[in-house]
Number of protein chains: 2
Amino acid sequence: MRIGEAAAAAGMTTKTLRFYEDSGLLPAAKRSPNGYRDYPDDSVARLEFIRRGRAAGLALTQIREILALRDAGEAPCAHVQDLLSNQLAELDHQISELMALRSIVAGLHATAASGTDASCDPEQICSYL
Amino acid sequence: MRIGEAAAAAGMTTKTLRFYEDSGLLPAAKRSPNGYRDYPDDSVARLEFIRRGRAAGLALTQIREILALRDAGEAPCAHVQDLLSNQLAELDHQISELMALRSIVAGLHATAASGTDASCDPEQICSYL
DNA sequence: CTTGACATTCCAGTGTAGGGGAAGGTTGAG
DNA sequence: CTCAACCTTCCCCTACACTGGAATGTCAAG
């Protein structure tokens, strides 16, 4: 498939795909005789993986690392296992940070929902934050 | 109070305060005869509000909107409540995406751990990482 | 044969949230 | 008097993740 198709299928722009290729998140696509990139169908799954990671707030560098590990396949390499362990630990850390932030925001939101407009003291900025 | 005092009281740098002024989050402070900014005491409360908003993951543009409502004499509480709702929903989305990715990485790790030959040359196999 | 929708590369700009450091003015202490 | 610690404006720099646009090439349809 050409870059426009792949981009549309993944809900991205062609610019983004070329950027991801430059950034090492996508392997360089093979080219048609006319020089156009020709993507295999499973590129869309890879792009969607990247999209999910981005939606989760991961940086492209972290997504790139995870993809590189995934690309390493079945290599029973101790080094790769260590890297995967580190990724898992990092993901756990990020999840717990996000959950902590969530509970803070949930508390603020509950306070805001329980109050009336009268509880918003004009002298203060806003009692809810 | 001078900018350094206000910044220290709010746990920020003087750079940040000037940046906030340029960005419309802080009104332009009145100046002492020597040209130094002279902040009223309640600026610290405003800065702490900004800090709390940032800590809750709000962008400066959102915080600016809240402050603008308050400065216009309106109680921004309903608006804040909306922002907090959105923030909560976004956090929930991010957390669920992160947990989905975590389970993918956990699967890779389990697969890698089930392999046999644990000794390999990190230089050779994993050099692309 | 031309038009329009694709594609290519390359360079440059955007927005976010500040940080670095120069060049100079002001103030209090020793 | 000098020195350090403040302050001022000014401009550039950072990282991240794209985005825009120019100049050019390719290709199917009318």
Next item on the list: Tell me what B:Arg18 touches on the nucleic acid: a base, only sugar-phosphate, or nothing, going by heavy atoms under 4.0 Å.
Entry: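 Base contact - B:Arg18 has a heavy atom under 4.0 Å of at least one base atom.
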
Checklist line | Set of residues satisfying side-chain contact (heavy atoms from CB on, under 4.5 Å) with respect to A:Thr13, sequence neighbours excluded | finding: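 A:Thr13 satisfies side-chain contact (heavy atoms from CB on, under 4.5 Å) with A:Lys15, A:Thr16 only.
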
Check: Does B:Leu60 have any side-chain contact (heavy atoms from CB on, under 4.5 Å) partners at least two apart in sequence or in another chain, and if so, which?
Finding: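 By the side-chain contact (heavy atoms from CB on, under 4.5 Å) rule, B:Leu60 matches B:Phe19, B:Tyr20, B:Leu25, B:Ile50, B:Arg54, B:Ile63.
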
Note to self: Protein within reach of the bases, or only the backbone? For nucleotides 13-23 of chain C, mark each nucleotide 5' to 3' as B, S or -, using heavy atoms under 4.0 Å.
What the structure shows: ---SBBSBB--

Margin query: Is there a side-chain contact between A:Leu17 and A:Arg37 in this structure, where contact means two heavy atoms from C-beta onward sitting under 4.5 Å apart?
Written below: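 Contact flag for A:Leu17/A:Arg37 side chains = no.
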
Checklist line | Contacts of A:Glu97 that satisfy salt bridge (charged side-chain N to carboxylate O under 4.0 Å, His left out) - sequence neighbours left out | finding: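 Salt bridge (charged side-chain N to carboxylate O under 4.0 Å, His left out) check on A:Glu97 returns nothing, list empty.
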
Note to self: Suppose we screen for salt bridge (charged side-chain N to carboxylate O under 4.0 Å, His left out). Which residues come up paired with B:Asp92, at least two apart in sequence or across chains?
What the structure shows: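 Salt bridge (charged side-chain N to carboxylate O under 4.0 Å, His left out) check on B:Asp92 returns A:Arg102.
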
Integer-rounded Å distance: [N] [atom2] and [X] [atom1]:
| X | N | atom1 | atom2 | answer |
| --- | --- | --- | --- | --- |
| A:Leu17 | C:dC6 | CG | C1' | 15 Å |
| B:Arg31 | C:dG25 | CZ | P | 16 Å |
| A:Met1 | C:dC6 | CE | C1' | 15 Å |

My understanding is that only residues two or more places apart in sequence, or in another chain, count here; which of them pass side-chain hydrogen bond (donor to acceptor under 3.5 Å, both in side chains) with [X]?
| X | answer |
| --- | --- |
| B:Glu5 | none |
| B:Ser96 | none |
| B:Asn86 | none |
| B:Asp38 | B:Lys30 |

Notebook entry, point to check: Does anything in residues 57-67 of chain B pair up under side-chain hydrogen bond (donor to acceptor under 3.5 Å, both in side chains), and if so which pairs, sequence neighbours excluded?
Noted result: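 Those involving residues 57-67 of chain B are B:Glu65-B:His79.
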
Notebook entry, point to check: From the 5' end of DNA chain D to its 3' end, which nucleotides mark the outer limits of contact with chain B, defined by a 4.0 Å heavy-atom distance cut-off (strictly under)?
Noted result: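 Contacts span D:dC6 to D:dC10, reading 5' to 3'.
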
Margin query: Using a 4.0 Å cut-off on heavy atoms, which residues in residues 33-40 of chain B reach DNA chain C? List them by number, or say none.
Written below: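 B:Asn34, B:Tyr36 - these, ordered by number, are the residues of the stretch whose heavy atoms sit under 4.0 Å from the strand.
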
